[in-house]
Protein chains: 2
Amino acid sequence: MKIMSVTIKDIARVAGVSYSTVSKALNNSSLVKDTTKQRIIAIANKMHYEPNYAAQKLVSKQTKIIGLIWPTIDRVVLSSLVTQINKKINQTPYSMILSVDSVQASLDRFKRFQVDGIILFEESTDTTIKHDTIPLISYGVSRDNQMNYPIIDPNHEKAMYEAVKYLIELGHHSIAYIGDFSASDPLQVTKYHGYKKAMQHFGLPLDKNHQIDTKGLDWYNGYSAGNKLLKNTNLPTAIIGGSYDISAGVIRCIKEEKLNIPQDLSIISCDNVPEMEKLEVPLTCIGVPIDHLANEIVKSMIMYIENKELEPCVKKMTPVLSERNSCAKK
Amino acid sequence: MKIMSVTIKDIARVAGVSYSTVSKALNNSSLVKDTTKQRIIAIANKMHYEPNYAAQKLVSKQTKIIGLIWPTIDRVVLSSLVTQINKKINQTPYSMILSVDSVQASLDRFKRFQVDGIILFEESTDTTIKHDTIPLISYGVSRDNQMNYPIIDPNHEKAMYEAVKYLIELGHHSIAYIGDFSASDPLQVTKYHGYKKAMQHFGLPLDKNHQIDTKGLDWYNGYSAGNKLLKNTNLPTAIIGGSYDISAGVIRCIKEEKLNIPQDLSIISCDNVPEMEKLEVPLTCIGVPIDHLANEIVKSMIMYIENKELEPCVKKMTPVLSERNSCAKK
DNA sequence: TTGAAAGCGTTACCAG
DNA sequence: CTGGTAACGCTTTCAA
């Protein structure tokens with residue numbers, strides 16, 4: 001029970017022309033007389049012709065599709081970025097598909113599909129990515145060793161520097177960090193690293209009790225870690241939250257301790273997403289705005305695709321501080 | 001500067017055989033001597049060969065790819081389902097790609113890719129879907145009018161019935177519902193509808209003050225709505241939470257009111273996801289377990305693809321009650 | 001057990 | 001302007 005669909009040959013037969021003429025007519029080529037063109041198009045419509053994309057792709061080598069590899073969709077933080085990237089891509093002649101598998105499996109699949117370009121959300125540095133042929137750019141942390149594709153880096157180290165600087169300018173000297181220290185996610189590692197580096201840079205002491213490992217990125221992880229921090233006899237005057245969800249949890253436990261934000265305790269969060277505004281306490285945050293990120297990623301991707309000259313480079317983005325009402329002068 | 005990828009001809013050249021032999025070897029045909037087969041496969045691996053889907057499709061009419069349409073990835077609840085479905089599909093000869101666009105745009109894209117089948121997460125009933133040729137099944141609510149493809153229905157109405165029944169058996173008579181009433185999402189509407197229907201069925205009064213519209217599906221929506229409910233002079237003895245995040249927010253505000261779960265107030269949540277266990281208070285919940293859902297969806301999809309005989313039907317799934325410690329006898 | 005060749009539905013080139 | 005024909009990368013006969 002195979003249903004054969006209409007091909008250009010069928011149309012050619014009906015129209016009484018060669019199938020190459022049909023092809024040209026359907027592609028609106030100027031090499032076909034206008035009257036025959038119209039006639040052929042009319043016939044094609046009447047026969048409900050639909051081009052076979054497999055065949056088209058086979059010869060034209062272009063799919064106008066960009067593949068995005070997103071190994072763990074559970075990381076909610078990124079879904080907002082994915083949505084933005086998709087929007088941007090749709091403003092171009094390209095469109096996007098997603099693969100939620102392991103990096104290598106996704107890479108293989110996209111290669112078979114012959115997508116025109118690949119965007120990779122890199123969530124671990126363990127695996128060496130062997131990409132050939134297809135233009136690939138990665139969103140993540142630059143690693144200085146073997147780097148054979150361009151990287152868009154949200155520059156969390158710089159963000160942490162700015163956060164610490166901002167708090168110091170407000171008069172804070174005791175600044176805590178609550179975030180995920182787990183070594184597997186390079187983005188999280190960089191935040192923690194950046195915090196410590198900034199503190200040292202400004203000559204502030206690194207108090208072990210003021211560095212809390214959430215061991216996860218969920219709301220509740222932030223909440224628990226916050227409780228641990230507030231048990232200290234010597235409280236910090238400001239807290240840096242490692243991510244949106246973590247900060248949300250921290251807010252909660254601060255309020256439970258009957259402390260006021262920002263009068264008793266200032267808090268600033270990593271990641272610059274609009275949702276920060278809608279939290280229980282609207283949060284000052286530091287990070288590259290999602291749409292800057294999406295813009296840069298899509299722009300680079302398409303440039304890379306269209307003139308394959310883009311050489312492996314690291315584009316470090318510029319974090320922006322979005323002030324709300326969660327930090328006060330000390 | 002076009003970089004061609006490896007084809008069977010390249011492999012043939014290296015292996016010193018004809019390319020038709022390579023094709024057979026790679027498809028594990030019995031028409032090739034085992035030793036040459038192994039040799040060819042080894043070479044193919046070394047050369048990082050990946051078959052070209054377009055070419056395969058052109059001749060064999062199959063891509064072994066299933067497309068999943070997921071219009072709004074922000075709905076976190078579903079990401080867990082997507083992950084499960086992906087896992088299941090990977091246990092078959094098929095694999096999965098995702099499109100996060102509007103239904104129609106996604107449909108077009110998948111058609112272009114000639115995927116073998118399409119799974120649709122339907123999040124609104126406004127648009128009429130015109131699908132042709134490609135097998136399509138939908139996850140969502142059955143609508144009785146024009147239905148031209150199979151639907152997997154999580155049966156929230158039944159779930160609500162079971163929830164109410166369960167609470168009544170524990171001795172509750174004053175049961176509140178906190179959920180999203182917004183008419184745009186059919187899944188949410190069904191929950192609310194099912195609650196009301198069940199209450200009436202068991203002859204329980206429907207108190208307007210015990211039906212709170214969260215106007216959203218986020219944690220904070222649940223939190224606010226919970227506060228509104230607890231302002232009542234006449235408190236319910238049990239609450240049904242409309243979704244995972246909503247229930248999480250409700251828990252929070254119950255605790256802030258210094259009420260104990262389940263001694264002072266019982267709570268049960270819609271949606272049966274493993275994460276319920278890890279909440280501040282592990283939650284009893286009612287719903288079709290995620291992996292039942294994933295199993296059914298993938299099974300039906302593949303059956304549909306392989307013998308196109310599956311007629312438009314609605315498969316209503318069976319909700320399961322997962323008991324934890326959030327409901328007590330009254 | 002292997003190879004040659006036809007064909008899948010297009011596009012693109014070159015003659016006419 | 002139009003038609004013929006060679007690709008594209010693969011599977012599948014049919015011969016050898």
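A, B, ... follow the sequence lines: proteins, then strands. Residue 1 opens every chain.
- B/R13 meets the side-chain hydrogen bond (donor to acceptor under 3.5 Å, both in side chains) test with B/D10; sequence neighbours excluded.
- Contacts of A/Y49 with the nucleic acid, taken as non-hydrogen atoms under 4.0 Å apart, involve only primed sugar atoms and P, OP1 or OP2.
- The shortest distance between the side-chain N/O atoms of B/N52 and the OP1/OP2 oxygens of D/dC8 is not below 4.0 Å.
- Screening residues 93-114 of chain A for ring-ring contact (aromatic ring centres under 6.0 Å, His included) gives A/F113-B/Y53, A/F113-B/F113 as the qualifying pairs, with residues at least two apart or on separate chains.
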Distances under 3.5 Å only, N/O to N/O: pair up the protein atoms with those of nucleotides 4-7 of chain D.
| from | atom 1 | to | atom 2 | distance (Å) |
| --- | --- | --- | --- | --- |
| D/dG4 | N7 | A/S20 | OG | 3.1 |
| D/dG4 | O6 | A/S20 | OG | 3.2 |

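- Under the side-chain hydrogen bond (donor to acceptor under 3.5 Å, both in side chains) criterion, B/K88 pairs with B/N295, sequence neighbours left out.
- With contacts defined as side-chain heavy-atom distances shorter than 4.5 Å, the pair A/D291/A/K87 does not qualify.
- Direction of the helix axis in the helix from C/dT1-D/dA16 to C/dG16-D/dC1 shifts by 50° between the two five-pair termini, rounded to 10°.
- Applying the side-chain contact (heavy atoms from CB on, under 4.5 Å) test to A/K33 and every residue at least two apart in sequence or in another chain returns A/T35, A/T36.
- For the salt bridge (Lys or Arg N to Asp or Glu O under 4.0 Å) condition, the pairs that include at least one residue of residues 44-57 of chain B, sequence neighbours left out, are A/R112-B/E50, B/K57-B/D116.
- Near DNA chain D, meaning a heavy atom under 4.0 Å from it, residues 8-17 of chain A has A/V17 in order of number.
- For DNA chain C, the residues of residues 28-39 of chain B within the heavy-atom distance limit of 4.0 Å (strictly under) are B/L31, B/V32, B/K33, B/T36, sorted by number.
- For A/V59, the side-chain contact (heavy atoms from CB on, under 4.5 Å) criterion is met by no residue, not counting sequence neighbours.
- In this structure, B/Q84 has no side-chain hydrogen bond (donor to acceptor under 3.5 Å, both in side chains) partners at least two apart in sequence or on a different chain.
- Considering only residues two or more places apart in sequence or on other chains, A/N52 meets the side-chain hydrogen bond (donor to acceptor under 3.5 Å, both in side chains) condition with none of them.
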